[in-house]
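Just so it is clear, the structure is predicted and the values come from calculations on it, not from any experiment.
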2 protein chains.
Amino acid sequence: MPRRGRPRRFDRDRALRIAMELFWEHGYEGTSLSLLTESMGITSTSLYAAFGSKEELFREAVELYNSADDLMSDRALNRYPTAKRAIEALLRENADAYTDPSTPRGCMVVLAATNVTTANKSVHDYLAHCRKNDYAVVRARLNRGVAEGDLPPTTDTAAMAAFYLTVLHGLSIQARDGCSNAAAHAIIDRAMLAWEATCANGSG
Amino acid sequence: MPRRGRPRRFDRDRALRIAMELFWEHGYEGTSLSLLTESMGITSTSLYAAFGSKEELFREAVELYNSADDLMSDRALNRYPTAKRAIEALLRENADAYTDPSTPRGCMVVLAATNVTTANKSVHDYLAHCRKNDYAVVRARLNRGVAEGDLPPTTDTAAMAAFYLTVLHGLSIQARDGCSNAAAHAIIDRAMLAWEATCANGSG
DNA sequence: CCATTTAAGTATCGAACGACACATAATTGC
DNA sequence: GCAATTATGTGTCGTTCGATACTTAAATGG
């Protein structure tokens, strides 16, 4: 059903995707309104009418990023029967994404607001909240492994989730510093070696 | 020997240390000139006279940070006879520093310029260069371990250095997100478990 | 046809940014 | 004492920041 009034002339989804890539690459404060409007091909007036404010646009961009990332992560975590293979798949698929030449390097949630002005603390906090959520997802998959018996009941899933998330976050820095896809996977090789040692009686 | 002209009224080293902490906490672009001058207790004129520019001040601040950090890292890496214990000490001492309540959380070199405007790409590149250097130091210690026989000659020291540096970088994000000192060490526990698996015939 | 609604374009707002011109103050060397 | 040198304080430069007021354009509904 067509809405009243003059129809929008630009593709909102396409504009949002462009904004996402800019924020992903340059971060929240590193992406100016003028860079946004130039790249999106709209005026600041249209941007504010369609997205509300720079911060609201950023949050929508993060949601768009997460919608794709969560889809990938959920598939990786649920495709394999054991927690070990699930976590390894999560790491490897993210490593592929982080080094994909067609998108900015590293993870937007990790890199886009690590250092901001005090005025934009809320932006930093929003991404920190996203990271907490990622941690919860990883830990939930480990807990499932314990429940299903492929991880020993004594497993410290909190510490284990923290470890693999630390590796994942570190990979974002490596990716930004230009590491190759192969180098990223070599790092994951070593991270996975810790698994058996941590869960000596694990079957996964 | 006293220099000619009117003597400086503020303590340059103290002012630099204050600038370092601000840049450490808020990042390069997140720290404005006005925040710097207010905190340092000097005017912008004095700042420019003493340090040249905001970027030059930042570089001096990073050098100050690195001078302390390198001292700690070098001591950690050389205090123990085996590469394993040296790397573990490096990780643990950095974890303590990252969670020290008397200083900003995480590593300045990792966090202070992850996202910047294109105009300040040189600042980002400078920190990336510092990280490359840290990698070289870690790898050199591993190579020494191979040379001294506590690591097997087949050890892939490049990949191993990349792995432990990834953990170290990831720890900066964890620290920024508020993880406890104990949680950081628990992460390192797991990172070290990968060691034996990587170097099955290592004696360290 | 005309009121209503929504978007686009122009032009600009006040604030903050990094940086500096200029005049003044305090020291050294002769 | 006086020139030379260096630091300080006041004030402000031009730019860019995020955000809007206002006008004009294009659609719908009666």
N/O (side chain, S34(B)) to phosphate O (OP1/OP2, dA16(C)) under 4.0 Å: no
Length of the line joining D11(B):CG and dA7(D):C1', which is rounded to integer Å: 15 Å
Cationic N near anionic O, under 4.0 Å, D150(A) to R85(A): no
Pair K132(A) + D177(B), salt bridge at N-O below 4.0 Å: no
Nearest-Å distance for atom pair CZ/C1', residues F58(B) and dG18(C): 16 Å
Salt-bridge contact E60(A)-R12(A) (side-chain N to carboxylate O under 4.0 Å): yes
Show me the protein contacts with nucleotides 1-5 of chain D, counting only N or O atoms at under 3.5 Å.
none

Y28(B) six-ring centre to K54(B) NZ/CZ under 6.0 Å and within 45° of normal: yes
d(CE, M40(B); C1', dG18(C)) in whole Å: 14 Å
Rounded interatomic separation in angstrom, taking CD from E29(A) and P from dA15(C): 20 Å
Approximate separation, where rounding is to 0.5 Å, of L193(B) CG and I188(B) CD1: 12.0 Å
Sugar-phosphate only, base, or nothing, as touched by T37(A) at under 4.0 Å among non-hydrogen atoms: nothing
Nucleotide dA19(D), atom P - distance to CG of L57(A) in whole Å: 10 Å
For atom CZ of R8(A) and atom C1' of dA26(D), their distance in whole Å: 14 Å
SB check K121(A) D125(A) (cutoff 4.0 Å): yes
salt_bridge(R59(B), E63(B)) N-O dist < 4.0 Å: no
Distance under 6.0 Å and angle within 45° of ring axis: R8(B) vs F10(B): yes
Spacing between R9(A) atom CZ and dT24(D) atom P, to the nearest angstrom: 17 Å
Where DNA chain C forms stems, i.e. three or more consecutive Watson-Crick or G-U pairs with both distances under 3.5 Å: C:1-30 with D:1-30
Whichever of I42(A) and L35(B) has its nearest DNA chain C nucleotide further upstream toward 5': I42(A)
Spacing between L33(B) atom CG and dC20(C) atom C1', to the nearest angstrom: 11 Å
Nearest-0.5 Å distance that lies between atom CG in D134(B) and atom SG in C130(B): 7.0 Å
ring-ring contact (aromatic ring centres under 6.0 Å, His included) contacts touching residues 95-148 of chain A (sequence neighbours left out): none
Salt-bridge present (E88(A), R92(A); N to O < 4.0 Å): yes
Listing time: all N or O pairs from protein to nucleotides 10-15 of chain D that are below 3.5 Å?
residue: dT10(D); atom: O4; partner: T45(B); partner atom: OG1; Å: 2.8

Of residues 46-55 of chain B, the positions that come close to DNA chain C - non-hydrogen atoms, cut-off under 4.0 Å: Y48(B), K54(B)
Sidechain N-carboxylate O distance under 4.0 Å for E93(A), R79(A): yes
Carboxylate-amine/guanidinium proximity below 4.0 Å for E21(B) and R17(B): no
Sugar-phosphate, base or nothing in reach of T117(B), heavy atoms under 4.0 Å: nothing
Which residues share a side chain to side chain contact (heavy atoms under 4.5 Å, CB included) with T45(A), sequence neighbours left out: T43(A)
